[in-house]
Amino acid sequence: MDTASAQDLDDGFVVEPKKNGWLVSVYIACPGLIVKKGMIEYEAAEALAETIYYGRILKSPMFPRDIVANHISLLPDESRKTLKVQVMVDKNGHSHLNDLLVVDAKSILKLSFWQVCDNKAFPKSIQHWLIQSLECSRALYCKRRSESSGLNDNRADRSLRRMKASARGQLVVHEIMTVTNKLLTNYCEENKLPILLWHKSIQGNNCYVSPEYKGGKATFTSPIWRFSDFINNNVLLSHLGEDVFIEAHTKERCTLLTDNLMKRKREVRQIYVDLIAEKLLSGRKVTAKQLVSLFKHSDNGHYLGSAINYLFTRRKLLLSVQLWVELITSTLSKKLTQEQIQILCRKLRFNKALTLQIFNHLKSLNVVEEKGQSKEQKLEEVMYLFKQATEVKILSP
């Protein structure tokens, strides 16, 4: 399951119903069996650190596309060497690792996310498999939300029903891959395998750390996408007797990989911002998400001025919560004219549903706190923050 145009397929899975739950077999691509240490492609992947996607505008791959398409990606009807991870999941969402081995496998079907729910066009056997996938992911989701947020099954079910079909399909993949990564991390820790971990730095960036680091996370299921997953995939392959190269993750090596990743993200982000600006200046359509990226990452006055003018000629963009959060939390609002500020204030004042969504998003970013305020107090707080960002003379709410 992936987006409709995706060709870099890292993983696939089968969900089989059992008496007390499901047997989930996850098949992970093994680029380490094709791309070996010493090859130009290996050194390039280490320097690139990650495949970076920016919507449909830009994709900068970690491995060459021809190698991925012809030898690695789990495309339908193509036989590939894979790492097979079998996981038992019970009806309450509890899981344990059942088996781990290297097998030849062939994908039988590639689905877009929305097709998981809208599956009536498929044969009965495929519909049955998709229903089992949805039920298994529901059990995993309810357990995870119960542990992280204290949600009971009824509330979790309500949130599932509100999801669009594409989001529900993404959730199936997310839940299965999350539990797979967690169980494989535990397996590596028990067997003292030298996997590469990552954690969030104070600045919010991913930093690679060695296995001794407490609180780090490891991922395995995206070896075409992330170099860390590629390395961890190789560690498991070596443990299972395959001829792949692994090396120690010293502090210096982890720092080098982190620096490579940060440098690459900066470079690709700048290319992406320039592409958005080119679209904007040539009169083509730009989305709210693309404007947010330009506002966040560009300091070019000409670009920003054009983007602000575009925003006020496309009033529907003013319904984007992300865009409002950027206006409130950055210095961008100081570039607005008084007339533009008045338009935005009226939008906040009269679109109460939008303003409450902005409040909730700001709460998730720890910009505001939930203190049992009434709706009107939340509206006033968002208005206060916006006026503060634009340096309009204001009274405390």
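Computed from heavy atoms alone, side chains included, the values below leave out hydrogens, waters and symmetry copies.
Between Phe230 and Tyr42, a ring centre-to-centre spacing shorter than 6.0 Å is recorded. Aromatic rings of His297 and Tyr303 (six-membered ring for Trp) have centroids beyond the 6.0 Å cut-off, not under it.
In this structure, a donor-acceptor pair under 3.5 Å is absent between the side chains of Trp22 and Glu16. For the residue pair Glu381 and Gln373, a side-chain donor N or O sits within less than 3.5 Å of a side-chain acceptor on the partner. Under the 3.5 Å distance criterion, with hydrogens and angles disregarded, no donor-acceptor pair is assigned to the side chains of Ser79 and Asp104. Checked by atom type, the side-chain pair Asp8/Ser73 shows no donor-acceptor distance below 3.5 Å. Between the side chains of Ser282 and Arg284, at least one donor N or O lies within less than 3.5 Å of an accepting N or O. A donor and an acceptor atom, one from each side chain of Asn186 and Glu190, are nowhere located under 3.5 Å apart.
Pro61 and Leu48 make their closest contact through O-CD1, 3.6 Å (heavy atoms, listed as atom of the first residue, atom of the second, distance). Residues Ser306 and Leu280 come closest through the heavy atom pair C-CD2, 3.8 Å. Considering every non-hydrogen atom in both Leu74 and Ser107, the closest pair reads O-CB, 3.6 Å. Contact between Cys136 and Val15 at its shortest, heavy atoms only, is CB-CG1, 4.0 Å. Of all heavy-atom pairs spanning Ile358 and Val321, the tightest one is CA-CG1, 4.0 Å. The heavy-atom pair separating Lys285 from Tyr310 by the smallest distance is CA-OH, 3.5 Å.
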Handout entry: CA sep, side-chain torsions, deciding dist, call: Arg138, Glu175, salt bridge (charged side-chain N to carboxylate O under 4.0 Å, His left out)
Key = CA-CA 8 Å; Arg138 177 204 166 275; Glu175 294 303 328; over 6 Å; no
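Taken to the nearest 0.5 Å, the CG atom of Asn260 stands 12.0 Å off from the CD atom of Glu50. Distance OG1/Thr185 to CG/Leu197: 7.5 Å, rounded to 0.5 Å. The distance from atom CZ of Arg80 to atom CD1 of Ile34, rounded to the nearest 0.5 Å, is 8.0 Å. Note that CD of Gln86 and NE2 of His96 are 10.0 Å apart. Values are rounded to the nearest 0.5 Å. From Thr180, atom OG1 reaches atom OH of Tyr27 across 12.5 Å, with rounding to the nearest 0.5 Å.
Distance alone, capped at 3.5 Å, places no donor-acceptor pair between the Asp2 side chain and the Ala6 backbone. Panel note: side chain Gln127, backbone Phe122; a donor-acceptor pair is recorded below 3.5 Å. Proximity of a side-chain donor or acceptor of Gln132 to a complementary backbone N or O of Trp129 within less than 3.5 Å is not detected. Ser298 places a side-chain N or O within donor-acceptor distance of the main-chain N or O of Asn300, the cut-off being under 3.5 Å. Judged by distance alone, with hydrogens and angles left aside, the side-chain atoms of Asn234 form no donor-acceptor pair with the main-chain N or O of Val244 at under 3.5 Å. Judged by distance alone, with hydrogens and angles left aside, the side-chain atoms of Asp10 form no donor-acceptor pair with the main-chain N or O of Ile28 at under 3.5 Å. Between the side chain of Asn233 and the backbone N or O of Asp229 there is no donor-acceptor pair closer than 3.5 Å. Counting only distance, with no hydrogens or angles, the side chain of Ser238 and the backbone of Val235 share no donor-acceptor pair below 3.5 Å. Put simply, the side chain of Asp90 gets close to the backbone of Asn92: a donor and an acceptor are under 3.5 Å apart. Counting only distance, with no hydrogens or angles, the side chain of Asn232 and the backbone of Ile195 share no donor-acceptor pair below 3.5 Å.
Exactly one of Leu97, Val26, Leu140 qualifies for a side-chain contact (heavy atoms from CB on, under 4.5 Å) with Val179. That residue is Leu140.
Crowding of Lys37 atom NZ: a count of heavy atoms from other residues, nucleotides or ligands under 6.0 Å exceeding 12. Other residues, nucleotides and ligands contribute over 12 non-hydrogen atoms within 6.0 Å of the NZ atom of Lys36. Summarising the local packing, CD1 of Ile343 is surrounded by more than 12 heavy atoms from other residues, nucleotides or ligands at distances under 6.0 Å.
Side-chain contact between Lys296 and Glu326 is present, with heavy atoms from C-beta onward closer than 4.5 Å. Within the 4.5 Å cutoff, no side-chain heavy atoms of Leu319 are placed close to those of Trp324. When side chains are defined from C-beta on, Lys182 does not count as touching Tyr187, because their heavy atoms never get closer than 4.5 Å. Side-chain contact check for Ile308 versus Phe295: some heavy-atom pair is nearer than 4.5 Å. Residues Met62 and Trp225 form no side-chain contact, since every pair of their non-hydrogen atoms from C-beta on lies 4.5 Å or further apart. Within the 4.5 Å cutoff, no side-chain heavy atoms of Val24 are placed close to those of Val14. Between Phe220 and Val85, every side-chain heavy-atom pair lies at or beyond the 4.5 Å cut-off. Contact check for Ile276 versus Lys279: no side-chain heavy atoms found under the 4.5 Å cut-off.
Remark: Glu369 does not engage Lys363 in a salt bridge, criterion side-chain N to carboxylate O under 4.0 Å. Ion pairing between Glu242 and Lys81 fails under the 4.0 Å rule for side-chain N and carboxylate O.
Residues Trp114 and Phe13 do not share a hydrophobic cluster, clusters being chains of Ile/Leu/Val/Met/Phe/Trp/Tyr side chains in contact below 4.5 Å. Val87 and Leu23 fall into different hydrophobic clusters, where Ile, Leu, Val, Met, Phe, Trp and Tyr residues are linked whenever their side-chain heavy atoms come under 4.5 Å apart, directly or through other members.
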